[in-house]
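Report on one structure; see the data block that follows.
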Amino acid sequence: MLICKKKIVSLQKFKLLYTMAKKVLFINTEITPYVPETPLSLLGKSVPQAIQEKGFEIRTFMPKWGIINERRGQLHEVIRLSGMNLIIDDTDHPLIIKVASIQGARLQVYFIDNDDYFTKRQMGMDADGNEYGDNGERAIFFARGVLETVKKLRWVPDVIHCQGWMSAVVPLYIKQAYQDEPSFANTKVVTSLFGPELKGSLGDNFKQCIEFKDITAESLKGYKDDFDINELYKMAIDYSDGLVVATDDICTDTAEYAASKNIPMIKHPEDNIAMAYSDLYDKVMGEQQ
């Protein structure tokens with residue numbers, strides 16, 4: 001009987017700790033081993049893994065790029081999460097959700113998929129090295145796809161951590177379009193800044209495509225009409241609660257703009273990743289002086 005009581009108490013303690021665990025949503029552009037190793041894809045794996053091992057509850061998302069081998073990666077569709085249509089620039093785009101696990105890292109990854117934006121195409125550029133003219137639309141679809149899926153999961157993140165250009169629309173949406181949603185009303189946003197990932201424009205209709213709920217093209221009048229990666233990161237910085245300088249080669253203008261905002265910011269450390277990032281999360285959540 002005493003043993004049973006100890007087991008019950010242990011189970012209750014476990015449930016309490018699980019309930020109290022901080023929740024971090026990682027929205028990534030790339031994650032290895034699903035795409036080739038780059039500074040972005042390596043951090044896409046190592047940072048969520050380190051935070052999970054520190055005891056945080058996490059969810060991880062990335063686009064289902066056309067270069068990803070679904071059979072090798074053991075991806076499968078999550079029917080209960082798929083089926084929604086997202087309207088971008090007056091056009092319906094079906095949202096497909098897939099999932100897989102990185103076995104060695106014990107990391108589950110959700111994939112945002114769509115035939116027009118991802119399945120039939122590569123990442124930021126085609127096989128000839130030409131950047132896609134609708135990269136901005138793709139980032140918008142990805143951002144909204146992730147946030148709508150998290151709502152369906154009924155999972156409430158304390159922090160959303162955005163890594164890479166595909167996630168850089170998320171801070172704006174969280175602060176201006178989803179701020180009254182129960183899933184995100186109290187969520188803080190951290191953005192990691194990387195070196196130049198793209199060189200060209202994100203599309204001449206970016207401001208029109210981003211319109212959603214209270215966000216209009218007029219809402220972005222403070223930004224250049226010709227949105228490029230630097231303008232995209234500027235917008236992400238404006239709506240973030242914390243920043244990470246993820247690589248040493250970020251644009252000088254972006255670095256100076258980030259420093260001018262006077263919000264919590266760290267440089268990605270070589271060691272003790274979990275400690276540095278969890279301290280940053282505590283700061284943006286107001287739990288550390």
Side-chain angles (χ1 to χ4, degrees), residues 14-15 17-84 94-114 117-119 123 139 141-164 166-167 170 174 178 183-184 187-192 244 246 273-274 277-278 281:
F14 174 78
K15 287 181 176 179
L17 288 171
Y18 184 79
T19 302
M20 294 174 60
K22 294 296 187 295
K23 299 176 181 178
V24 182
L25 170 63
F26 287 95
I27 307 180
N28 306 276
T29 299
E30 305 173 18
I31 301 176
T32 185
Y34 300 109
V35 299
E37 289 189 359
T38 65
L40 190 52
S41 69
L42 289 169
L43 290 185
K45 175 186 174 184
S46 63
V47 176
Q49 182 180 2
I51 292 302
Q52 180 172 256
E53 290 174 353
K54 191 170 175 60
F56 287 71
E57 184 183 342
I58 73 164
R59 296 288 186 274
T60 306
F61 283 78
M62 72 172 288
K64 212 298 289 178
W65 302 113
I67 64 170
I68 294 174
N69 187 311
E70 293 194 37
R71 183 176 179 182
R72 186 181 306 150
Q74 298 182 352
L75 277 66
H76 63 271
E77 185 175 351
V78 186
I79 302 298
R80 68 184 178 88
L81 297 176
S82 299
M84 182 184 299
L95 174 63
I96 302 168
I97 309 299
K98 297 176 180 177
V99 70
S101 295
I102 305 175
Q103 298 300 329
R106 293 186 297 174
L107 200 64
Q108 186 180 65
V109 180
Y110 289 93
F111 296 83
I112 298 294
D113 201 2
N114 172 269
Y117 290 135
F118 302 118
T119 303
M123 294 195 284
F141 177 86
F142 176 64
R144 286 181 53 190
V146 171
L147 298 179
E148 291 297 334
T149 302
V150 172
K151 283 171 56 181
K152 276 191 174 184
L153 289 170
R154 297 183 180 180
W155 190 76
V156 181
D158 296 294
V159 175
I160 294 177
H161 192 146
C162 303
Q163 298 198 100
M166 280 295 291
S167 64
V170 170
I174 288 294
Y178 287 85
S183 296
F184 305 112
T187 300
K188 301 299 183 181
V189 182
V190 171
T191 296
S192 287
V244 177
I273 294 175
Y277 279 74
S278 61
Y281 300 154

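As the structure is a computational prediction, the values presented were derived from the model and not from experiment. Keep in mind that the numbers below use all heavy atoms, side chains included, and drop hydrogens, waters and symmetry copies.
Side-chain atoms of K23 and I58, non-hydrogen and from C-beta on, never get closer than 4.5 Å to each other. Within the 4.5 Å cutoff, side-chain heavy atoms of R80 are placed close to those of L153. The side-chain heavy atoms of N114 and I112, taken from C-beta on, include no pair separated by under 4.5 Å. Proximity of C162 to V170: side-chain heavy atoms (C-beta onward) are separated by under 4.5 Å at one or more points. The closest side-chain heavy-atom distance from I51 to F26 is below 4.5 Å. Side-chain contact between V35 and M123 is present, with at least one heavy-atom pair separated by less than 4.5 Å. For the pair M62 and V109, the minimum side-chain heavy-atom distance is below 4.5 Å. Counting heavy atoms from C-beta outward, F142 and I27 have side chains that approach closer than 4.5 Å.
Nearest heavy-atom pair, G44 versus N28, reported as atom, atom and distance to 0.1 Å: CA-OD1, 3.6 Å. Pairing each heavy atom of P63 with each of I68, the nearest pair is O-CD1, 3.8 Å. In terms of heavy-atom proximity, S167 sits nearest to G164 at OG-O, 2.8 Å. Heavy atoms only, all atoms of each residue included: P94 and F141 are closest at O-CZ, 3.5 Å.
To the nearest 0.5 Å, the span separating NZ on K22 from CZ on F56 amounts to 7.5 Å. Taken to the nearest 0.5 Å, the CG atom of D158 stands 9.0 Å off from the CD atom of E57. Considering CZ of R72 and CG of L75, their distance stands at 12.0 Å, rounded to 0.5 Å. Between the NZ atom in K45 and the CD atom in E37 there is a gap of 8.0 Å [rounded to 0.5 Å]. Note that CD1 of I79 is 11.0 Å distant from CD1 of I97, once rounded to the nearest 0.5 Å. Taken from CE in M84 to CG in L95, the straight-line distance is 6.5 Å, to the nearest 0.5 Å.
Salt bridge status for K98 with D113: present, with a side-chain N to carboxylate O gap under 4.0 Å.
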Derivation and outcome, side chain to side chain contact (heavy atoms under 4.5 Å, CB included), residues T38 and S41
CA-CA 5 Å; T38 65; S41 69; 3.4 Å; yes
Determine whether I31 and T60 satisfy the following criterion, side chain to side chain contact (heavy atoms under 4.5 Å, CB included), listing intermediate values before the conclusion.
CA-CA 10 Å; I31 301 176; T60 306; 3.5 Å; yes
Between V159 and V189, is a side chain to side chain contact (heavy atoms under 4.5 Å, CB included) present by the stated rule, with each step listed?
CA-CA 6 Å; V159 175; V189 182; over 6 Å; no
Kindly indicate, with the supporting measurements, whether the criterion side chain to side chain contact (heavy atoms under 4.5 Å, CB included) is fulfilled by F118 and I96.
CA-CA 10 Å; F118 302 118; I96 302 168; over 6 Å; no
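Side-chain contact annotation: S101 with Q108, donor-acceptor N/O pair under 3.5 Å absent. Side chains of Y34 and E70: no donor on one and acceptor on the other come within 3.5 Å. Between the side chains of W65 and E30, no donor-acceptor pair of N or O atoms lies under 3.5 Å. For Q163 and T29, the side-chain atoms include no donor-acceptor pair closer than 3.5 Å. Side-chain contact, Y277 with H161: no donor N or O sits under 3.5 Å from an acceptor N or O.
Considering only residues two or more places apart in sequence or on other chains, Y110 meets the ring pair (Phe, Tyr, Trp, His ring centres under 6.0 Å) condition with F61. Taking P33 as the reference, I102 meet the side chain to side chain contact (heavy atoms under 4.5 Å, CB included) condition, with sequence neighbours excluded.
Counting only distance, with no hydrogens or angles, the side chain of S183 and the backbone of V156 share no donor-acceptor pair below 3.5 Å.
With a 6.0 Å radius and a threshold of 12 heavy atoms from other residues, nucleotides or ligands, Q74 has its CD atom at or below the threshold.
The side chain to side chain donor-acceptor pair (under 3.5 Å) test with Y178 singles out one residue from K151, E148, R144, and that residue is E148. Residue I160 forms a side chain to side chain contact (heavy atoms under 4.5 Å, CB included) with just one option from L147, V146, V24, V190, and that option is L147.
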